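In what follows, chains carry the letters A, B, and so on, assigned in the order in which the sequence lines appear, proteins first and then strands, with residues in each chain numbered from 1. Predicted model only: the values in this text are computed from it and were never measured.
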Amino acid sequence: MPEETFEPKIVAFFCNWCTYIAADLAGTSRLKYAPNARVIRTMCSGRVDPQFVLEAFAQGADGVLIGGCHPGDCHYQEGNYKTLRRATLLRRVLEAMGIEPARFRLEWISASEAERVKTVVNEMVEQVRALGPLHVVAPEDVPVPHLREEVAA
Amino acid sequence: MRMPQISGSPNGRPRVGVYICHCGTNIAGIVDVRALSEHAATLPGVVVARDYKYMCSDPGQELIIRDIAEHDLHRVVVASCSPLLHEQTFRNAAAKGGLNPFQVQMVNIREHDSWVHADRQAATVKAQDLIRAAVRRVALHRPLERRRVPINPDALVVGGGIAGIHAALTLANAGKHVYLVEREPTIGGHMAQFDKTFPTLDCAACILTPKMTQVRAHPNITLWTYSEVAQVGGYVGNYEVTVRRKPRYIVEDLCVGCRECIEACVYKEGKTRDEFNLGLSKRKPIYMPFPQAVPQLVVIDPETCIEFKSGKCKKTCVEVCGDRKAIDFTQQERRETIHVGTIVLATGFKVFDAQRIPYYGYRTYPQVYTALEVERLVNAAGPTSGEVVLRDGRRPESVAIVHCVGSRDENTNRWCSRVCCMYSLKLAHLIKEKTDAEVYNFYIDIRTPGKGFEEFYNRVQEEGTHFIRGKVADIYPAGDDRGRLIVQAEDTLLGKVRKIPVDMVVLAVGLEPRPDTQDVRRLFNITCSTEGWFLERHPKLAPVNTFTDGVFLAGACQGPKDIPDSVAQAGAAAAEALALIDAGSVELEPYTAFVVEEDCSGCKTCIPLCPYNAIAFVAETKKAAINEVLCKGCGVCVAACPSGSITQNFFEDEAIFEEIKGVLAHA
């Protein structure tokens, strides 16, 4: 795909109580934003297993966005703190894998912040577009097949 | 991948029906719905794919019900609006067709697609991706049962203004026990401060105080004033609420409200700002907020009472109370825990602080008043016994009413406060009636869209009140010996600047969310709009519900409202609560998590993560176990479990993995 027509694919995990509602509100308010994000609903951002993020990248996502309630506002009291904790670790793992920080984003967007959904999605699409398609090169010194055999044994 | 094997279907896969809604032109106007159904028909497992004008309509639902039988469907995907709007509708339709309601998956192609994108092709591709994901996901849906929990018939109403009073009385009259919790020493709220109500000019006290007395006398109402909700736990039908009851230093059962203690207080004159009269009068350390206060109990303010400050007071109040022994300086704060099934929030509003607009001179020039202060001045029970006089005792000969102070203003609040035009007209009428002053209304637009409102506006115009269309730009001293102020505005109808000298300025202050709104909403686990008003579940179809089941909204805490609207909403909130209570039980979504015992390693990672203490370690089996009653279905433990032994109903790992693969599969 030529660089100028590259349309990044973003997988977005939005929590049911804040960010998903904000995205609904963006709809009812007819705000217009980039069509690159695909939203997957979870009850809480704390449900987002780091594996979901890794799987999304593995399946060809160019960026992953998690949207949750603001700190202190979680519908489940503190699920979003767990998300934050995990995201911090995950970001380091992703970096080690050569995935640029801009490709993984955690945002607090409350139910009334429709405008923020628009801004965040647009911003992220722009940043990821600038980075280009995700291209992870497996470091050569890791003997993956060998490891696989060992695990299987 | 765990794919359920179903005999008699191709490859043993579940047979899926896909339904794409046009939503009139809401979806079909942007998304190529025909292309969607054609694409969906090619997806693995899909045996029928249709698009239809309105899927939520009866014929739309009939389509699904008929297809389930005719095509022997095992799963249904509906691509239409947000699941928050119609998930229930389509689950019910599927159930009617004989499927388990949780074998339906909705795809949001309206709010998340057609309404937010202008590019038709991109929007269509996005919808295809989302539908593909749903088709892949739905195949893994297991049948689920909703949990049924009982509803405690007792209710809590927070806030004793007119909305809270009306909600409490409605619930109590229906035979339910109501706890009415009010922060101030008396119920009545803002309405108790008003003199007349627009547009009928009936006396606020005459219509409010009987309702206040009814609350006090009602056998089904427990009234706790001078109290605040401190903690809320539990869930719909089963809330546990802790109420902090502040000490009033008066034994409630013993005080008869004779007020002799107030007379007897060593302070001969009041020295403290009287909150009820907005500082236009002074009160003593022992006081009753206003003569019709409910309950008829005095309060001692420990900040100003000499006994509290020095311990050396003659305690003339105790002396005069005598054998009644109603005064108790040793009273402590108490905490009471109550169990209720439903909660109505009616916490009201605050008026805009006019000092935020310095050039209007509030608190700089004594001739500048807020409208609420003038309400107290025109009130027969107010600090001037209903005389409209300036702070120096003079009667004003000219009065300016400045509209939209802290409303419709980019620099303060952008919303229209809805009540100010009408109360300004009312005050214009009352001031003119009482003083015969010239009254000038400086307005941006006059908004009178209520029953009898426009007629009242006409009446006030005919009475000779002046209307100047212009936003007031400045208020400054005229420098004359009458001490008048110049009100300056550009008259947008005349196209020139007007400078009107007046004796008195009334600022028509707008309505704002209360300053502690954010704390209150966290307490009750509800949401606020950007402006800070409590957010209703749906602006049109669920205006008194919140996103937390069993918590309802009434009155101005949800947005600016006049008295009739507050009362109507309070009645609606009470009715919604009654509907829940009388149903006796409520179904909860089955999104709880459970531990697959054979996979659990007993590492205990999940246990401290659960905010509801729903996970326990079973010593005999050395495995974790989740108490389904306590689990609220957030899924935090599921994501954290290192061995993947915790599953969340409906949001299973595999289902979400399928969804991820589905949205990305076209690439």
Where do [X] and [Y] come nearest, in terms of heavy atoms and distance?
{"X": "Asn525(B)", "Y": "Cys74(A)", "answer": "OD1-O, 3.8 Å"}
{"X": "Lys82(A)", "Y": "Leu609(B)", "answer": "NZ-O, 3.0 Å"}
{"X": "Cys44(A)", "Y": "Val636(B)", "answer": "SG-CG2, 4.3 Å"}
{"X": "Ala111(A)", "Y": "Leu535(B)", "answer": "CB-CD2, 4.1 Å"}

Part of [X] within contact of chain B (heavy atom distance under 4.5 Å):
{"X": "Arg116(A)", "result": "neither"}
{"X": "Gln77(A)", "result": "both"}
{"X": "Asn16(A)", "result": "both"}
{"X": "Phe13(A)", "result": "side chain"}
{"X": "Ala37(A)", "result": "backbone"}
{"X": "Ile40(A)", "result": "both"}
{"X": "Val117(A)", "result": "neither"}
{"X": "Ala114(A)", "result": "neither"}
{"X": "Val39(A)", "result": "both"}

Review point. Top residue by heavy-atom pair count (under 4.5 Å) with chain A, among Asn26(B), Asn108(B), Thr527(B)?
Key: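 Greatest number of close heavy-atom pairs with chain A: Asn108(B).
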
Exercise for review: Between chain A and each of Gly633(B), Ala123(B), Ala122(B), Cys637(B), count heavy-atom pairs under 4.5 Å; write down the option with the most.
Suggested key: Gly633(B)

Is [X] close to chain A through its backbone or its side chain, or both, or neither, when contacts mean heavy atoms under 4.5 Å?
{"X": "Asp113(B)", "answer": "neither"}
{"X": "Ala640(B)", "answer": "both"}
{"X": "Tyr591(B)", "answer": "side chain"}
{"X": "Arg110(B)", "answer": "neither"}
{"X": "Thr530(B)", "answer": "both"}
{"X": "Ile526(B)", "answer": "neither"}

Review point. Is it true that atom CD of Glu126(A) has more than 12 heavy atoms of other residues, nucleotides or ligands lying nearer than 6.0 Å?
Key: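 Count over threshold, so yes.
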
Review point. Is the number of heavy atoms from other residues, nucleotides or ligands within 6.0 Å of CZ (Arg414(B)) greater than 12?
Key: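 Open: at most 12 neighbouring heavy atoms sit under 6.0 Å from CZ of Arg414(B).
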
Side chain proximity check, [X] to [Y], heavy atoms < 4.5 angstrom:
{"X": "Tyr20(A)", "Y": "Pro83(B)", "value": "yes"}
{"X": "Gln648(B)", "Y": "Met43(A)", "value": "yes"}
{"X": "Cys634(B)", "Y": "Arg47(A)", "value": "no"}

Review point. Quick one: CD on Gln51(A) to CZ on Phe657(B), what's the gap to the nearest 0.5 Å?
Key: 4.5 Å

**Study point:** Atom pair CG (Leu85(B)) and CG (Asp24(A)), whose distance is rounded to the nearest 0.5 Å
**Key:**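 The CG atom of Leu85(B) sits 8.5 Å away from the CG atom of Asp24(A).
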
Review point. Is Asp129(B) salt-bridged to Lys9(A), going by a charged N under 4.0 Å from an acidic O?
Key: no

Check your understanding: Between Arg41(A) and Glu87(B), is there a side-chain N and carboxylate O pair less than 4.0 Å apart?
Key ->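 Result for this pair is yes, salt bridge flagged.
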
Revision key, fill the gap. Looking only at Arg30(A), Lys32(A), Glu78(A), the option with the highest number of non-hydrogen pairs under 4.5 Å against chain B is Arg30(A)

Review point. So, for Phe547(B) and His75(A), is the gap between ring centers shorter than 6.0 Å?
Key: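 Here the rings of His75(A) and Phe547(B) have centres that are no less than 6.0 Å from each other.
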
